[in-house]
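The chains referred to below are lettered A, B, ... by the order of the sequence lines, with proteins before strands, and numbering in each begins at 1.
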Amino acid sequence: MRAPPAAMAGARATVPLLVGVVPFGFVFGSAAADAGLGAAHVAAFSAGIFAGASQLAALDLLAGGAAAAVAIGTALIINSRMLLYSAGLVPWLAHVPARRRASSSYLLTDQAFAVSLVHFERTAPPPEQRLAYYVGSGLTLWSTWQVTTQLGLVVGNLIPDDVDLEVAVPLMFLTLLVPAVVDRPTLLAAAVSGVVAVVAAPLPANTGMPLAALAGIAVGTWAETTSRHHRRGGT
Amino acid sequence: MISEAEVWVTVLAAGVGTYLIRLSFLSVAHRATDLPPLALRVLRMIPPAALAALVTPGLLRPDGELDLISAEALAGLVAGVVAWRTRSVIWPLVIGLPVALLVG
């Protein structure tokens, strides 16, 4: 059975972003090896949680002797930003039957969200193509993640320590940020969020990120709301 | 050494919790067929705000301290301009990543 064209389009759009995902997968796999874990454990992390930053944080905490509750709590706080992604997809996937919405939610990541939203807002595809596009993106990331974390476990961190590929991650998100800024309110949202994120970066469990995003969302919404009022002459 | 139990408990609890976070709003999306304009405005701000928050710390505080003049910041500037001009997802990375590696 051939994959729907929309799913293939979603997959293709996601491939360039794998540059940021692959090294991260190797980092996690190799960290798991350092902690004495095996393939089943890595598979459990990568399929069970399927969120790189939180997996790494949880693993580091456990390896450092922290209680499971601390690792779990930290992971959930780091992943709290996915509430925003879930909300952001609502207008686009509201039509999808409940069970498919529930199962495809599992694939939600920063990249799948960003790739899908940029595509949806740019091209406004018909309802029947949207889920396929998002799932194509999500599955591409999922499979890459499973494979690279397992490879990292076996071969360790292939990249020599003085070559820092971590910068690929923010660069990857930058390439998605640019097309997402389309007018003054979205520019303000991005600018405010960007500044707050840098200031709040030292906060534990990456809490700076959702805080920054909320600040940006608030300012962007205010900017758009007030600009409408001006246009309508203050009504 | 991490015990078996710790791994599985952590994975299960964090996994279920993360899934519920992902599901959250989508689970009631079918009731959102007629969202008020304010809600739509708020939702529209999520991608630029979320993405910006994922970009700036890694480029401006790569090693923890604020560093506005660094290989990462320069790479970000270059990649940003390329992304803006070419509307491509590949070229900014192809050009920006080597900038970060060569300058750093």
Under 4.5 Å from a heavy atom of chain A, the part of Val82(B) involved
neither
Whatever's closer than 4.5 Å to a heavy atom in chain A on Leu66(B) counts as side chain
Side chain / backbone / both / neither for Trp8(B) at chain A, heavy atoms under 4.5 Å:
side chain
The interface call for Ala32(A) against chain B, heavy-atom contacts under 4.5 Å, is neither
If you count heavy-atom pairs under 4.5 Å with chain A, which of Gly58(B), Gly15(B), Ala53(B) comes out on top?
Ala53(B)
Which atoms of Leu60(B) come close to chain A, meaning under 4.5 Å heavy atom to heavy atom: side chain ones, backbone ones, both, or neither?
side chain
Between Asp110(A) and chain B, with a heavy-atom cut-off of 4.5 Å, which part of the residue counts as in contact: side chain, backbone, both or neither?
side chain
At a heavy-atom separation under 4.5 Å, does Arg87(B) approach chain A through its side chain, its backbone, both, or neither?
both
Thr18(B), part contacting chain A, at a heavy-atom distance under 4.5 Å
both
Under a 4.5 Å heavy-atom cut-off, does chain A meet the side chain of Pro47(B), its backbone, both or neither?
both
Would the distance check show the side chain of Arg41(B) and the main-chain N or O of Thr221(A) forming a donor-acceptor pair, the cut-off being under 3.5 Å?
no
Tell me, out of Gly96(B), Ala50(B), Pro62(B), who's got the most heavy-atom pairs with chain A below 4.5 Å.
Ala50(B)
